[in-house]
There are 2 protein chains.
Amino acid sequence: MRSGPGSLILESGAEAVTPPSFLDDGKNTIASQLVSRLREAIISGQLEAGSKINLDRAKQSFNVSLSPLREALARLISDGLVEFEDNRGYRVSPVSLSNLEEITSLREEFETYALRESMRVGDVDWEGNVMRALHRLNRTERDASKPETLEQWEAVHREFHLTLISGCRKPLLLSFCKTMLNLNDRYRRTFLTRTSGDRNVRVEHSEIAQGTVSRDMDYACDRLREHIHRTGTNLRKHLAEKGIA
Amino acid sequence: MRSGPGSLILESGAEAVTPPSFLDDGKNTIASQLVSRLREAIISGQLEAGSKINLDRAKQSFNVSLSPLREALARLISDGLVEFEDNRGYRVSPVSLSNLEEITSLREEFETYALRESMRVGDVDWEGNVMRALHRLNRTERDASKPETLEQWEAVHREFHLTLISGCRKPLLLSFCKTMLNLNDRYRRTFLTRTSGDRNVRVEHSEIAQGTVSRDMDYACDRLREHIHRTGTNLRKHLAEKGIA
DNA sequence: GCTTGACAAATAATCGATGATTTTTCAAAA
DNA sequence: TTTTGAAAAATCATCGATTATTTGTCAAGC
C-alpha cells in the first residue's frame with residue numbers, strides 16, 4: 001500500500017514498511033537502506049519537489065531514528081535530489097524549467113562523451129550487455145493505464161542508458177551520468193504520465209544500440225543526442241502546461 | 001601549529017583549534033564546519049590518501065561528537081574525497097594513475113564546455129571577474145621554499161579557474177567542475193611540491209583569460225585544454241616517480 | 001494600522017550511552 | 001606448523017535525551 005503523492009512524510013499514523021531483505025544486497029545499515037528509499041520516494045514524486053523535509057515526521061514515516069536519517073539525507077545531496085541549509089534543514093530539490101534544461105544539456109554532453117569513450121575502449125562483454133539491455137527494453141510494455149508497467153519500464157530504460165555508457169572505464173563520469181539520469185527521470189515520472197504519440201522511442205533506442213555495437217561513433221552519438229534532446233523538449237512542454245517556470 | 005602529514009587523526013593529545021569566526025560565513029553548524037575542515041585536510045594531504053578514517057580518533061582530533069562527524073563525512077562522499085562502506089566506515093579516497101587520468105580528461109571536457117557556455121552567455125560582470133582573478137593570480141608569488149605562498153597560490157589559482165567558467169549559468173555543471181578541481185588540486189598539493197621549470201604557467205593563464213574576454217571561443221578553449229592537459233602530464237610524471245600505479 | 005520585541009512553540013543540531021558488527025587474539029586441534 | 005574457531009577487543013551504527021536555533025504569536029508602543 002502506498003500513500004498519495006507528497007503525503008509520505010505528512011502522514012500521522014505510519015504503517016512503515018520494512019523492506020524485504022531475504023538476500024543481502026550490501027545495504028546492511030539503516031542509513032544505506034534509507035538512501036535508497038528516500039531516493040526512490042523523491043524520484044517517483046512521492047516526496048514533492050521543493051518541499052521541506054520535516055525530520056520529526058520523516059523519522060516517524062520511515063520508522064527510523066534521527067542519526068541514520070540525517071546521514072542518508074546528507075548523502076543524497078550529492079545526487080542533486082536534496083538541498084541543505086544550516087539550521088534550516090533539508091528539502092527536496094525544487095524543479096524548474098532552467099533546471100530541466102541544464103539537465104538535458106549536460107546529459108547530451110556527458111552521455112555522448114561517455115558513449116564515444118565506451119565505443120573506443122569497450123570490450124565484447126559490454127557490447128553484449130548493450131544488446132541484452134536493448135532487448136529487455138523493447139520487450140517491456142509501457143502502458144499509461146497500468147502504473148506498474150510504467151515503473152518497470154523506467155527501470156529497464158534507465159538500465160539501457162547506463163549500459164550504453166558502461167564501457168567507458170571512467171567511474172567518475174559514470175557517476176555524474178547516473179546523477180543526471182536520476183534527475184531527468186524524476187521529471188519524466190512526475191510530468192510525463194502519458195507517452196507522447198509522435199515519437200517511436202523504440203526505434204530511437206534500437207538505432208542508438210545498433211550504431212553503438214557497430215562502433216559507428218558519429219552515428220550513435222548523433223542518435224543519442226537527438227534522443228536526449230527530444231525527451232527534453234517533450235518534458236519542457238509538459239512543464240509549461242502545468243505552469244512551471 | 002600543524003601536525004605532520006597523515007598524523008592528524010592518530011594524534012593522542014589534541015589541541016583542537018576552533019576556527020576564528022568573527023564574520024558569519026554561513027557555516028554555522030559543527031557539521032558544516034567539519035565539511036570544510038575535513039575537505040581541506042584531505043586536499044592538502046594531511047589525511048593520507050587511501051587511509052581509513054577512525055571515527056573515535058577523528059572525533060578527538062576535531063573535538064566533535066559522532067553525529068556531526070558522520071554527517072560531514074557523508075556529505076564529502078559527493079566530492080569524491082571520501083568513500084564509504086557499510087559497517088566498515090569511511091576512508092579517504094585513494095589516489096591512482098587511472099584516477100588522475102580520468103580527472104584530467106573530465107576537466108578537459110567539462111571546463112572547456114563550461115568556458116564555451118560562459119563566453120556564449122556571460123555578461124560584463126563576469127568578464128571583469130575573469131580579469132580580476134587573472135590579475136590576482138599573476139600577482140601571487142609561488143615559491144616552493146615558502147610553503148605559505150604555495151597555499152595562497154593554490155587558492156587564487158582555484159579561484160581563477162572557477163571564475164573562468166562562472167558565467168555559464170549551469171549550476172550543476174559548475175558543481176561538477178568544482179569537484180574535479182578539488183580532486184585535481186589534491187594531486188598537485190600532494191605530489192607537486194616544486195614547480196616545473198619548463199612551463200610558463202603565467203603566460204598560459206593570461207592567454208586563456210585574454211581569449212576568454214575577447215570571446216574567441218576556439219582559441220580560449222584550446223588554450224585551456226592544453227593547460228589542463230599539461231598539468232595532467234606533469235602530475236603523471238611525479239606519480240610515476242613515486243611509484244604510484 | 002504598522003512595526004517592534006519578548007515570549008512560546010516548533011524544529012534542527014548535538015551529545016553521551018547503548019547495541020551490532022567486524023577485526024584481532026590466541027589457544028586447541030589437525 | 002598450520003588451521004580453526006571461540007572469546008575479546010575494537011570499531012561502527014543507532015538510539016533517546018538535551019541543547020541551540022529558528023519560526024510563529026501576540027501584545028505594547030509608535
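Each chain gets a letter, A, B and so on, in the order its sequence line appears, and its residues count up from 1. A quick note: this is a predicted structure, and the numbers were derived from the prediction, not measured. Computed from heavy atoms alone, side chains included, the values below leave out hydrogens, waters and symmetry copies.
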Upstream residue (5' side of DNA chain D) when Asn87(A) and Ser67(B) are each assigned their closest nucleotide: Ser67(B)

Given atom CG of Asn28(A) and atom C1' of dT14(D), what is their separation to the nearest angstrom? 14 Å

For Watson-Crick and G-U wobble pairs within 3.5 Å on both distances, what is DNA chain C written in dot-bracket notation, | included for inter-strand pairing? ||||||||||||||||||||||||||||||

Does dT23(D) have its OP1 or OP2 closer than 4.0 Å to a side-chain nitrogen or oxygen of Arg88(A)? yes

Dump the intermediate steps for salt bridge (charged side-chain N to carboxylate O under 4.0 Å, His left out) on Arg189(A) and Glu40(A), then the final yes or no. CA-CA 11 Å; Arg189(A) 290 175 72 168; Glu40(A) 174 59 22; 2.9 Å; yes

Spacing of Arg91(A) atom CZ relative to dA12(C) atom P, expressed in whole Å: 10 Å

Rounded to whole Å, please give me the gap between CD in Gln33(A) and C1' in dA13(D). 12 Å

Please check this pair: side chain of Glu102(A) against backbone of Leu173(B), looking for a donor-acceptor N/O pair closer than 3.5 Å. yes

Can you establish whether the number of heavy atoms outside Lys59(A) located under 6.0 Å from its atom NZ is more than 12? yes

Phosphate OP1/OP2 of dA13(C) contacted by Arg70(A) side-chain N/O (<4.0 Å): yes

With side chains defined as the heavy atoms from C-beta onward, is the minimum distance between Val92(A) and Arg186(A) less than 4.5 Å? yes

Measuring from the side chain of Pro68(B) (C-beta onward, heavy atoms only), which nucleotide among dA13(C), dA13(D), dC15(C) has the closest atom? dC15(C)

Roughly, in whole Å, what's the span from CZ in Phe62(B) to P in dT14(C)? 15 Å

Once you round it to whole Å, what is the distance between P of dT18(D) and CG of Leu55(A)? 19 Å

To the nearest angstrom, the CG-P distance between Leu34(A) and dT14(D) comes to 9 Å

Rounded distance (Å) that lies between atom C1' of dA20(C) and atom CD1 of Ile30(A): 11 Å

Looking at Leu183(A) and Gly80(A), what are the two nearest heavy atoms and their distance? CD2-O, 3.5 Å

Do the side chains of Glu111(B) and Leu181(B) get nearer than 4.5 Å, heavy atoms only? yes

Thr29(A) side chain: which of dA13(C), dT11(D), dT14(D) is closest? dT14(D)

Round to a whole Å and report the spacing from CG of Leu69(B) to P of dT14(D). 15 Å

So does Leu164(B) get a backbone contact from the side chain of Trp126(B), meaning a donor-acceptor N/O pair under 3.5 Å? yes

For Phe84(A), report the nucleic acid contact type (base, sugar-phosphate, nothing); a contact means any heavy atom under 4.0 Å. sugar-phosphate

For dT11(C), take OP1 and OP2 only and decide whether either is under 4.0 Å from a side-chain N or O of Lys52(A). no

